[in-house]
There are 2 protein chains.
Amino acid sequence: MVATLERLDATFAALADPTRRAILSRLAKGEATVKELAAPFDMTQPAISKHLKVLERAGLVSRGRDAQRRPCRLEAGPLREATEWLVGYRQFWSESYERLDALLGELTEGQS
Amino acid sequence: MVATLERLDATFAALADPTRRAILSRLAKGEATVKELAAPFDMTQPAISKHLKVLERAGLVSRGRDAQRRPCRLEAGPLREATEWLVGYRQFWSESYERLDALLGELTEGQS
DNA sequence: CGGGTTCATTACCGTCTGGTTATCGAACCC
DNA sequence: GGGTTCGATAACCAGACGGTAATGAACCCG
């Protein structure tokens, strides 16, 4: 429980970077190697490895082993915990927070 | 739209600190002055002012003026945007993501 | 006016972050 | 075994962060 709270720090910190959010977005489509993840970015491979380490430390990414490759996999548990925290504030989102239902509806449609 | 995406950086960064999350939690109960916000923490007042500036830059807090006091108010819009982003990953939260409904139910009960 | 409160601002410090280049290591292929 | 590919590691740098102490501004009150 306390561990969960402490991991919120790491989770939110990991999400506070557009490169890392893009990596997660890519991993949502399936596993990928470090090289594949690095390709879209104008950035060197060690920089991506650093970002991956941040994501791994936050528990957002786990890695397997396939010969010399280290495929990365999305681990969304911390995202769930972060969402739970945020949803606690939904009553402040707008005057009528029944809109959450609508929001969730839209998002459900928006995803294949 | 783009501005929203860029603000995600500031929002998540602001949330990645337990002191700032505690400040938001306090502000969820109503407006408060800097001194009131600082009281629970073993920290100097300028440190709290800095945290408030981070929260303000992220749009999570706005401030009024009451004589020499600067009452802080929660602005939850960015929290909503952050939640929208996170909810886009709910399908990875668990094998059956219908559980979101249960989660939201629990949270609704848990709040007065 | 003068004194106390509230809060911001400045200057400073150590640490963490986000990037680089260069190098090393491990596993594969032939 | 030799070259190649994938990835990690180290050393380094600039800048941001999180805290401090000290000062100063704006206001209320007597």
Side-chain angles (χ1 to χ4, degrees), chain A residues 5-27 30-75 78, chain B residues 5-27 30-75 78:
Chain A
L5 286 201
E6 283 169 6
R7 191 158 54 175
L8 269 185
D9 287 23
T11 302
F12 283 130
L15 295 180
D17 183 285
T19 301
R20 288 192 291 262
R21 288 199 304 276
I23 288 176
L24 292 181
S25 160
R26 166 64 187 78
L27 289 179
E31 288 194 5
T33 67
V34 175
K35 197 191 179 197
E36 288 167 347
L37 290 174
F41 300 101
D42 187 17
M43 207 178 299
T44 59
Q45 169 260 317
I48 300 295
S49 281
K50 280 193 178 184
H51 282 303
L52 286 174
K53 201 177 295 184
V54 173
L55 291 168
E56 208 174 358
R57 199 171 37 122
L60 285 164
V61 155
S62 67
R63 334 189 54 171
R65 187 176 283 277
D66 167 25
Q68 72 271 45
R69 257 148 275 153
R70 305 289 311 279
C72 299
R73 187 167 48 251
L74 177 63
E75 295 290 340
Chain B
L5 286 200
E6 283 170 6
R7 191 157 57 173
L8 268 185
D9 287 23
T11 302
F12 283 130
L15 295 180
D17 183 285
T19 302
R20 288 193 291 262
R21 288 199 304 276
I23 288 176
L24 291 181
S25 160
R26 166 62 186 80
L27 289 179
E31 287 194 6
T33 67
V34 175
K35 197 193 177 194
E36 289 167 347
L37 290 174
F41 301 102
D42 187 16
M43 208 178 296
T44 59
Q45 168 261 316
I48 300 294
S49 282
K50 277 195 179 183
H51 282 303
L52 286 174
K53 202 176 295 183
V54 173
L55 290 168
E56 208 175 358
R57 199 173 36 126
L60 285 163
V61 155
S62 67
R63 336 189 54 173
R65 186 176 284 276
D66 167 24
Q68 73 271 42
R69 258 150 276 149
R70 306 289 311 278
C72 299
R73 187 168 46 251
L74 177 63
E75 296 289 340

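Sequence lines set the chain letters: A, B, ... in the order given, protein chains first and strands last, and positions in each chain run from 1.
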Nearest to the side chain of [X], heavy atoms from C-beta on, is which of [options]?
X      : options                  : value
Q68(A) : dG7(D), dT6(C), dT5(D)   : dT5(D)
P46(B) : dA8(D), dT6(C), dA21(D)  : dA21(D)
A67(B) : dC28(C), dC27(D), dC7(C) : dC27(D)
V34(B) : dG7(D), dC7(C), dG18(C)  : dC7(C)
M43(B) : dG7(D), dG19(D), dA22(D) : dG19(D)
S49(B) : dT9(C), dG18(D), dG19(C) : dT9(C)
R63(A) : dC28(C), dG19(C), dA8(D) : dA8(D)
R70(B) : dA27(C), dG18(D), dA8(C) : dA8(C)

Identify the two heavy atoms, one from [X] and one from [Y], that lie closest to each other, and give their separation to 0.1 Å.
X      : Y      : answer
L27(B) : C72(B) : CD2-O, 3.5 Å
F41(B) : A22(B) : CZ-CB, 3.6 Å
A32(A) : R26(A) : CB-NH2, 3.5 Å
S62(B) : E75(B) : OG-OE2, 2.9 Å

Taking side chain as C-beta onward, heavy atoms only, is V61(A) less than 4.5 Å from L24(A)?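 Answer yes - side chains close enough.
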Could you state the atom-to-atom distance from CD1 of I23(B) to C1' of dG18(D) in whole Å?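 Distance, rounded to whole Å: 13 Å.
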Classify the nucleic acid contact of T33(A) as base, sugar-phosphate or nothing, counting any heavy atom under 4.0 Å across all strands shown. sugar-phosphate
Please determine if a side-chain N or O atom of [X] lies less than 4.0 Å away from the OP1 or OP2 oxygen of [N].
X      : N       : value
R20(A) : dG18(C) : yes
T44(A) : dT20(C) : yes
H51(B) : dC17(D) : no

L15(A) backbone acceptor or donor facing R21(A) side chain under 3.5 Å: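 Answer holds: yes.
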What bend angle does the helix from dC1(C)-dG30(D) to dC30(C)-dG1(D) show across its length, from five-pair end axes and to the nearest 10 degrees?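 Between the first-five-pair axis and the last-five-pair axis there is 20°.
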Considering heavy-atom distances to DNA chain D, does P71(A) or K50(A) have its closest nucleotide positioned more toward the 5' end? P71(A)
Please determine whether any donor N or O and acceptor N or O are separated by less than 3.5 Å between the side chain of Q45(B) and the base of dA8(C). yes
